[in-house]
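The structure under discussion appears below in the form of structure tokens.
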There are 2 protein chains.
Amino acid sequence: MTRQEATHTQRIPLNKDRVLRTAVALADATGIDALSMRRLAQELDVVPMALYKHVANKEELLDGMADAVVGEIDPPASGPDWQRVVRGRILSARRVLLRHPWAARVIESRTAPTPAVLAYLDSMAGSFRDGGLSADLTHHVMHAMGSRLLGFSQELFDTSDPSGPPDPALAAHYPHIAELAATAAHDEGSTVGGGCDDQFEFEFALDLLLDGFEGLRRQGWTSARAKASHRP
Amino acid sequence: MTRQEATHTQRIPLNKDRVLRTAVALADATGIDALSMRRLAQELDVVPMALYKHVANKEELLDGMADAVVGEIDPPASGPDWQRVVRGRILSARRVLLRHPWAARVIESRTAPTPAVLAYLDSMAGSFRDGGLSADLTHHVMHAMGSRLLGFSQELFDTSDPSGPPDPALAAHYPHIAELAATAAHDEGSTVGGGCDDQFEFEFALDLLLDGFEGLRRQGWTSARAKASHRP
DNA sequence: ACCTGAACACCGTTCAAGT
DNA sequence: ACCTGAACACCGTTCAAGT
């Protein structure tokens, strides 16, 4: 009996939710580049054109996948400490996006923010406002959380698998990177095979920014004042 | 006379550099999605297979394009104030990536960092080291500059063209975003048509992080100490 | 030895013919 | 009215036939 026949016997009616869930699972398993309408249809034991009853086109499929993933992020906890609330939410988002490595790129490729992304950002802004940050400061803070300062933001140096010994030619050409790699190698605190402790690095950046935000809040920061005294 | 004939009369021999420069120009003009090997060959008045003499495949073409763009970033200035040096370099990188809106996505999609990206990161790390940051602190700082805290990093709310009045339904569903949008609209400091002052937002995040780094440097920060006293 | 047309194995999507 | 096979206009890349 072929696989096709086997699945046919237990055929579930197609709906948008099942299309999206299967697409997410397929992208998790095979990567986003291998996700095609035809391949997805095959996975659902359906003729390719059947998908177009539930999504207008592939862009709408990707919109739906982005929303499905963002919907997995925990809602914000409540509590008096806004830094703690925001911190927990951000770390939840990080866990979700580590589960779906293709998702960040898909979300960033949407031309307009999707509803779940808007909801996520909205409640994030709400957490800052509840913490006593002014609307103005919250605005800047939200931008700061979304910016990529180097211009691109590949989570740098994918040293998770430093296959083989460090390349001596690389060390000669890029001495500072070699030095940083050396500090990472010494520092085998919590990771298994050497390389960087990505979780630590993430929290380092997060806490630095959150502390910076809190400092500004305490000063009663307003953008007019900051702009006036801005560096030339 | 067809365009093809016209170009044929002044045919320049194909080489890798010309392939890459044309590919960058084509991506600038038509977007990265419209860049295909076939379309690029047509632009160069060449049969598609001719490209494969100069790049092994499309991935290598994208590698070369990424490197060409990163190579446009100004070298670091020298000077006693490391914050000023780093700030200037980052703003140069920002200008470059604004000129090539497709480039950030292409750089992030490379599976291994390309030589120009490594050189850029290496000299950036060098600027921190020259400024007196320890190798260990420099390591964390480099990660912080490359991290995307929200999980994704679409430069948020593309409010550059808020076509039409704010959507009242949106305001009802996403009250905090609506509030932020309102503060942006009032604050027409330097942008023309309303919306966010993206340059200000970028520098806000940059300066906040740089000030945070400097604070840690002054404290003689070491990761061992920070890890020991880390929040639970 | 070099170059290149045709071909292959894919895409996303349209459309007309089938039920 | 709904469903779907064939077709269209693309891809990146292989390969064999041409010079």
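The figures that follow rest on heavy atoms only: side chains count, while hydrogens, waters and symmetry mates do not. Here is the naming used below: chain letters follow the sequence lines, and residue numbers restart at 1 for every chain.
No more than 12 heavy atoms of other residues, nucleotides or ligands sit less than 6.0 Å from atom CG of Asp33(B).
Residues His100(B) and Glu72(B) have side chains that bring a donor and an acceptor to within less than 3.5 angstrom of each other. Thr114(B) and Asp63(B) are not linked by any side-chain donor-acceptor pair at a separation below 3.5 angstrom, with hydrogens and angles left out of the test. At a cut-off of 3.5 Å, with distance as the only test, no side-chain donor of Ser147(B) or Arg148(A) sits close to an acceptor on the other residue. A donor-acceptor contact closer than 3.5 angstrom is absent between the side chains of Thr30(A) and Arg39(A).
No donor-acceptor pair under 3.5 Å is formed between the side chain of Arg89(A) and the backbone N or O of Ala77(A). Not a single donor-acceptor pair under 3.5 Å links the side chain of Ser92(A) to the backbone N or O of Gly88(A).
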Secondary-structure string, 5' to 3', Watson-Crick or G-U under 3.5 Å, | for another-strand partners, for DNA chain D: ||.|||||...|||||.||
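For the contact set between residues 20-41 of chain A and DNA chain C, defined by any heavy atom under 4.0 Å, the members are Ser36(A), Met37(A), Arg38(A).
In this entry the distance linking CD of Glu60(B) with P of dG12(D) reads 15 Å, nearest Å. For the pair Asn57(A) CG and dC11(C) P, the computed distance is 17 Å after rounding to whole Å. Atom CG of Leu14(B) and atom P of dC3(C) are 10 Å apart (whole Å). When rounded to the nearest whole Å, the span between CG of Leu61(A) and C1' of dT13(C) equals 14 Å. Atoms CG (Leu44(B)) and P (dT4(C)) sit 13 Å apart, rounded to a whole Å. Atom CD of Glu59(A) and atom C1' of dG12(C) are 11 Å apart (whole Å).
Counting heavy atoms from C-beta on, the side chains of Leu121(B) and Tyr174(A) never come closer than 4.5 Å. Taking the side chain as every heavy atom from C-beta outward, Asp28(A) and Arg99(A) never approach each other to under 4.5 Å. A heavy-atom distance below 4.5 Å is found between the side chains of Ile32(A) and Met65(A).
Ring pair Phe204(A)/His140(B) is tilted by interplanar angle, where 30° to 60° counts as tilted.
Taking side-chain N and O atoms only, Lys53(A) has no distance below 4.0 Å to OP1 or OP2 of dC2(D).
Residue Val47(B) has its side chain nearest to dG5(C) when only dT13(D), dT13(C), dG5(C) are considered.
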Go along nucleotides 14-19 of chain C 5' to 3' and tag each nucleotide: B for a protein heavy atom under 4.0 Å from its base, S when only backbone or sugar atoms are that close, - otherwise. B-----
